[in-house]
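In what follows, chains are A, B, ... by sequence order, proteins preceding strands, each numbered from 1.
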Amino acid sequence: MRIVTWNVNSLPARLPYVLEWAEANGPDVLCLQETKLADDAFPEEALAELGYQVAHYGDGRWNGVAVASRVGLVDPVPGFGSALDEQGCRIVAATCDGVRVHSVYVPNGRSLDSDQYPLKLTWLAGLRSYLAERAKPSEDLVVCGDFNVAPDDRDVWDPAAFQHSTHTSPQERQALEAIVDWGLVDVFRRHHDEGGIFSWWDYRAGDFHQGRGMRIDLALLTKGLADRSTAVAVDRNARKKSAAGNKPSDHAPVVVDVVG
DNA sequence: ATGGTTGCGAAGCAA
């Protein structure tokens, strides 16, 4: 099974790219973030033509997450079903061929002195509670998406440049570790030790071509599922203009292959 | 150089 997570930065703007990429790369499960759509505006037909069923959670112009699957999709659950959903439509779950899949878009936090920063930490704590209440580490389960946290300094182009910013603070990293410690594996690190492999680059100032990025798009798998992973890759080519001339998101898709 | 770009939506904010 090929599981992909991709922050598309508006599905209306990105649909041609997403369809082109999906046809070429054949994800069985495609988790999307920042769809920026209400549920009733989701392009179900375009994805159905490629064989995908979709669980989407979105309420308008911002945020919005989806799980698309061509290997079956049952038991969709939008949101936390708690006050955490007031921070936007940022989590949706569904079961795809026996794997419980969660697509998440963690709040950005904006800056360390913003009122959005403690809300980000609260949201991350809420994600851990959600897992603890509804799932077991012994299940085949994946939590993937845009975490807006770089797990360690290998995941940032220049740690010094982020000394006083979000995405690398000890509190954010600890909140992420608490989620992992529930019983998950950052499966990218099962296959790669090196730094400098990123999933997001700012659109501005030529950051992509200068190598100024971060790895903030993660796939967290329960151990049994991670043990069956055969490869993890970031398709940085998808951060460029596509062969068909479509404009890219500022995030690249992360591709996870598992067997069994 | 507190710059630069994209998306949304129609000015300025969020990322």
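- The gap from the P atom of dA10(B) to that of dA1(B) amounts to 37 Å, rounded to the nearest Å.
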Annotated protein contacts, base or backbone, on nucleotides 1-8 of chain B with a non-hydrogen cut-off under 4.0 Å, one of B, S, - each = ---BBSBS

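- As rounded to the nearest Å, dG7(B) and dT2(B) have P atoms that lie 26 Å from one another.
- Between Trp201(A) and Trp157(A), the distance separating the two ring centers is not shorter than 6.0 angstrom.
- Taking atom CD on Glu34(A) and atom P on dA15(B), their separation rounds to 8 Å, with Å as the unit.
- Rounded to whole Å, atom C1' of dA15(B) lies 11 Å from atom NZ of Lys120(A).
- In this structure, Tyr105(A) atom OH and dA14(B) atom P are separated by 12 Å, rounded to whole Å.
- Note: Thr168(A) OG1 to Asp155(A) CG = 11.0 Å, rounded to the nearest 0.5 Å.
- The ring-ring contact (aromatic ring centres under 6.0 Å, His included) check on Tyr130(A) picks up Phe80(A), His102(A), with sequence neighbours excluded.
- Spacing between dG4(B) and dC8(B) at atom P, rounded to whole Å, works out to 22 Å.
- Under a hydrophobic-cluster definition in which Ile, Leu, Val, Met, Phe, Trp and Tyr are linked whenever side-chain heavy atoms come within less than 4.5 Å, directly or via other members, Phe188(A) and Leu218(A) are assigned to different clusters.
- A straight line from CG of Leu119(A) to C1' of dA15(B) spans 17 Å, rounded to a whole angstrom.
- Using a cut-off of 4.0 Å between Lys/Arg side-chain N and Asp/Glu carboxylate O, Asp153(A) and Arg173(A) are scored as salt-bridged.
- Rounded to whole Å, atom C1' of dC13(B) lies 8 Å from atom CZ of Arg110(A).
- When the P atom of dC13(B) is taken as reference, atom CG of Asn63(A) falls 18 Å away, rounded to whole Å.
- In terms of modelled atom types and a separation under 3.5 Å, the side chain of Thr222(A) and the main chain of Leu141(A) share a donor-acceptor contact.
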